[in-house]
Amino acid sequence: MKAIAVIPGEKNSARLLDVPVPDIDDNEVLVRSVRAGVCSTDREVHKGLYGTAPSGEDYLILGHESFGVVEFVGRNVSGFKKGQYVVRTVRRPCSACDNCSSGASDVCSTGNFSESGIKELHGCMAEYFKDDPNYLIPVPAELADLSVLLEPMSVVEKVLRQSYLIQRRLEWKPKNAMIIGAGPIGLLQAMLLVENGMTVNVVARSPPFNLKSKLVASIGARYISTSYQSLDEAVRDIGHLDLIVEASGNSTMAFAAMENLENNGVLCLTSITGGKMETVVASDKINLDLVLGNKVVFGTVNANIVDYQNGLRSLEKFANRWPDVLPAMFTRRVPLQQYAFALENFSEDIKTTIEIS
Ligand code: BGC
């Protein structure tokens with residue numbers, strides 16, 4: 001079968017390889033890949049900044065935003081049949097920590113987890129992949145066309161779930177939110193916060209009157225471009241911020257955001273920044289404000305199975321409430337053979353997919 005594979009650590013190493021279709025045992029499921037989403041993590045792995053091959057192998061099949069159809073079911077597996085649409089979760093547990101053993105590998109303590117298409121486990125940018133059924137989420141046919149968004153959706157569900165969990169430390173009824181970044185994570189997060197009754201401001205670099213600002217406006221949120229005003233000016237305009245979600249991919253924004261959080265507010269950091277950028281920050285002021293304002297800054301990565309389940313319900317709600325928005329996020333659909341074009345990054349792009357079968 002054809003698969004897009006990289007040599008981890010090597011710059012721009014993605015190639016289309018011919019590799020064997022995975023063998024499945026009686027407890028596994030073989031899935032035919034329909035499409036895979038491309039995100040900035042895939043591009044970082046391709047650039048050699050991130051990612052590890054499975055043990056004993058020198059290449060890694062890319063891809064963690066999956067959507068496929070069950071092709072073959074191992075004889076001990078129940079609950080799946082040929083033709084069922086599925087999305088695969090990303091992370092697999094380590095063998096040593098309490099969080100992983102209780103089904104929460106998204107908060108693994110040892111760091112010895114594996115991640116499909118990223119760390120020590122082959123991904124879904126191949127004609128087939130196999131998995132343990134516990135890591136496959138069945139998807140209803142009505143959501144088939146949108147389901148490649150379920151993985152990023154699970155990440156934004158976790159942001160909100162964890163924010164509420166953390167804020168049980170005090171009375172918290174978030175009304176005003178800011179999201180930094182208008183990529184797929186920023187836009188899905190904006191939809192989720194609007195759906196949860198918040199006033200949502202999306203801050204991004206691109207000047208307004210582009211597709212991203214149009215989509216932000218069409219869900220009833222406000223788009224603010226940092227081409228015309230700084231983050232500080234934007235925040236002065238917006239006022240009290242109960243929740244800030246940083247999803248711009250730029251680590252300096254994470255520190256800028258810390259200076260703009262209101263008392264008791266929460267800043268959630270989601271950008272995976274594999275580079276080596278350094279920046280000078282107003283550490284005394286930031287520290288003092290965080291302390292005196294009882295503010296929280298937390299990082300979140302990956303997602304729990306409950307976030308995938310919540311994500312499916314949210315995608316359905318979004319599709320009913322804003323029927324044109326999710327389809328409009330698919331800005332480039334690229335055939336498998338043109339994988340190199342899919343891995344390039346264009347600033348106005350939202351979600352690129354690789355169409356596999
Ligand atoms: C994925 C996560 C993963 C993270 C770190 C992100 O792009 O969405 O599932 O945990 O990269 O590898």
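Order of listing sets the numbers, starting from 1, for every ligand and every atom in it.
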Review point. Where is the nearest protein heavy atom to atom 3 (C) of ligand 1: which residue, which atom, and how far?
Key: E115 OE2, 3.4 Å

Practice item. Report the part of S40 in contact with ligand 1, treating N, CA, C, O as backbone and CB onward as side chain, heavy atoms under 4.0 Å; options are side chain, backbone, both, neither. Key: neither

Review point. Which of the atoms of ligand 1 are close to H64, meaning less than 4.0 Å from one of its heavy atoms?
Key: 1 (C), 7 (O), 8 (O)

Exercise for review: Among all protein heavy atoms, pick out the one at the shortest distance from atom 5 (C) of ligand 1; state its residue, atom name and that distance to 0.1 Å.
Suggested key: Y50 OH, 3.2 Å

Exercise for review: Answer side chain, backbone, both or neither: which part of I272 comes under 4.0 Å from ligand 1, heavy atoms only.
Suggested key: side chain

Review point. Tell me the side-chain hydrogen bond (donor to acceptor under 3.5 Å, both in side chains) pairs involving residues 47-59, sequence neighbours left out?
Key: E57-H122

Exercise for review: Could you walk me through whether T331 and E348 pass side chain to side chain contact (heavy atoms under 4.5 Å, CB included), step by step?
Suggested key: CA-CA 9 Å; T331 39; E348 294 315 312; over 6 Å; no

Practice item. For atom 7 (O) of ligand 1, grab the closest protein heavy atom and report residue, atom and distance to one decimal in Å. Key: T41 OG1, 2.5 Å

Point to revise | Identified salt bridge (charged side-chain N to carboxylate O under 4.0 Å, His left out) partner of D106 from the options R92, K158, R91 | key: K158

**Study point:** Where ligand 1 meets V301 - atom numbers and elements under 4.0 angstrom, heavy-atom basis
**Key:** 4 (C), 5 (C), 10 (O)

Exercise for review: Tell me, please, whether Y223 has K212 positioned over its six-membered ring: NZ or CZ under 6.0 Å from the ring centre and within 45 degrees of its axis?
Suggested key: no

Exercise for review: Would you kindly specify which portion of V90 sits under 4.0 Å from ligand 1, judged on non-hydrogen atoms: side chain, backbone, both or neither?
Suggested key: side chain

**Study point:** Heavy atom of the protein closest to atom 8 (O) of ligand 1 (residue, atom name, distance)
**Key:** E151 OE2, 2.8 Å

Review point. Take atom CG in N320; do more than 12 heavy atoms of anything else shown fall under 6.0 Å from it?
Key: yes

Review point. Can any side-chain N or O of Q337 pair as donor or acceptor with the backbone N or O of L16 at less than 3.5 Å?
Key: no

Exercise for review: Verify the distance criterion only: is there a donor paired with an acceptor across the side chains of S271 and T273 at less than 3.5 Å?
Suggested key: no

Study note, to complete from the structure: Near C39 (heavy-atom distance under 4.0 Å), the atoms of ligand 1 are 7 (O)

